[in-house]
Amino acid sequence: MASRFWLALQVGALFSLSAAAQDLTLTRLDCGSGSNDPRRFSDTYAYTETTKPFTFSCYVIRHGNDVMVWDTGYLPGSVPNATNKPLADLLRQIKVEPGEVKYVGISHYHADHTGQLAPLRNATLLIGKGDWEGVTATPPMSGANVKGFAEWIAEKRKVETLSADKDVFGDGSVMILRAPGHTPGHSMLLVRLKEMGPVLLSGDAVHFHENYEHDGVPGFNDDRAQTLASIQRMKEIEKNLKATVIIQHDPRDIGKLPAFPNAAK
């Protein structure tokens with residue numbers, strides 16, 4: 001009897017995931033572009049070139065009637081790499097009002113991922129526990145974009161700090177996965193689409209293809225061993241799920257998803 005009950009639970013979960021995936025979409029938003037010095041991204045002096053194209057992406061996940069935003073880019077006008085298109089305007093172009101967003105997940109606390117949190121006033125912020133502690137510490141942790149969280153802190157907006165993987169919608173279709181190393185609470189996002197299949201958004205676990213392929217570690221990362229473990233986790237997920245890995249800062253991966261305003265399904 002117990003084994004039949006367990007089997008029923010497993011079958012139910014699979015049907016739940018299948019049904020959810022049918023109503024699941026993923027859209028990339030252009031949240032900036034520019035370049036960076038790749039030498040900064042290797043603590044073993046692996047790169048000699050002085051400039052490399054970088055992109056800054058935000059993502060929208062629709063799960064039935066619920067909307068989640070993943071990363072919010074730089075604040076427009078704050079740096080040369082920032083977009084001049086506010087996130088709120090981009091959301092409206094795909095018929096999403098910022099106040100309707102249910103969740104905003106961020107990979108980590110750096111300014112190029114947290115610059116436009118403010119308009120998502122009704123969302124629950126999903127953030128790694130180590131990163132939230134870094135933002136709210138006195139003084140804040142070096143590199144934490146405290147300004148980006150100002151409204152969240154002052155207005156006591158909803159926050160869920162994550163110390164483990166998070167099944168966002170409770171059906172396995174959208175998973176925030178712990179991937180510390182770049183920062184203490186860094187995360188990546190797994191989205192299981194019906195047609196495209198699983199998509200893994202890297203956050204800054206890696207920054208470009210060469211880092212991923214050769215286990216490159218930036219010298220400014222929080223923890224070298226954790227970084228390498230997180231890259232290994234990415235590779236195992238890619239292999240086991242046959243997932244599409246999207247390295248968020250690498251412009252070579254932009255074309256893996258449909259061009260805005262279209263969505264992957």
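Because the structure is predicted, anything quoted here is derived from the model rather than measured.
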Any donor-acceptor pair under 3.5 Å linking the side chain of [X] with the backbone of [Y]?
| X | Y | value |
| --- | --- | --- |
| Lys256 | Val245 | yes |
| Asp30 | Gly32 | yes |
| Lys235 | Tyr212 | yes |
| Thr25 | Lys265 | no |
| Asn211 | Val206 | no |
| Asp89 | Lys85 | no |
| Asp223 | Ala225 | yes |
| Thr72 | Gln116 | yes |
| Lys158 | Ala123 | no |
| Asp165 | Arg178 | yes |

**Study point:** side-chain hydrogen bond (donor to acceptor under 3.5 Å, both in side chains) evaluation trace for His63 with Asp171
**Key:** CA-CA 11 Å; His63 180 278; Asp171 58 16; 2.7 Å; yes
Measuring from [X]:[atom1] to [Y]:[atom2], what's the distance to the nearest 0.5 Å?
| X | Y | atom1 | atom2 | result |
| --- | --- | --- | --- | --- |
| Phe41 | Phe220 | CZ | CZ | 4.0 Å |
| Ile106 | Ile127 | CD1 | CD1 | 3.5 Å |
| Leu125 | Trp152 | CG | CH2 | 5.5 Å |
| Ile176 | Leu190 | CD1 | CG | 11.0 Å |

Point to revise | Leu200 vs Leu241, side-chain contact (heavy atoms from CB on, under 4.5 Å): CA-CA, chis, key distance, verdict | key: CA-CA 10 Å; Leu200 184 62; Leu241 297 184; over 6 Å; no
Qualifying residue for side-chain contact (heavy atoms from CB on, under 4.5 Å) with [X], from [options]:
| X | options | value |
| --- | --- | --- |
| Tyr59 | Val69, Leu29, Val191, Leu257 | Leu257 |
| Val96 | Thr27, Val67, Leu90 | Val67 |
| Pro140 | Asn145, Val146, Val135 | Val146 |
| Ser202 | His249, Met234, His182 | Met234 |

Point to revise | side-chain contact (heavy atoms from CB on, under 4.5 Å) evaluation trace for Lys52 with Glu210 | key: CA-CA 11 Å; Lys52 196 172 192 66; Glu210 292 80 2; 3.5 Å; yes
Practice item. Answer yes if the side chains of His113 and Asp204 hold a donor-acceptor pair under 3.5 Å, and no otherwise. Key: yes
Exercise for review: Go through Glu151 and Leu117 one step at a time and tell me if the side-chain contact (heavy atoms from CB on, under 4.5 Å) criterion holds.
Suggested key: CA-CA 8 Å; Glu151 291 84 0; Leu117 287 166; over 6 Å; no
Point to revise | Thr55: which of Arg252, Gln248, Arg28 passes side chain to side chain donor-acceptor pair (under 3.5 Å) | key: Arg28
Review point. Parallel, tilted or perpendicular: which fits the ring planes of Tyr47 and Phe208, with parallel below 30° and perpendicular above 60°?
Key: perpendicular
Review point. So, do Phe169 and Tyr103 have ring centers that fall under 6.0 Å from each other?
Key: yes
Point to revise | Shortest non-hydrogen separation from Gly77 to Ala82 and the atoms involved | key: N-CB, 3.9 Å
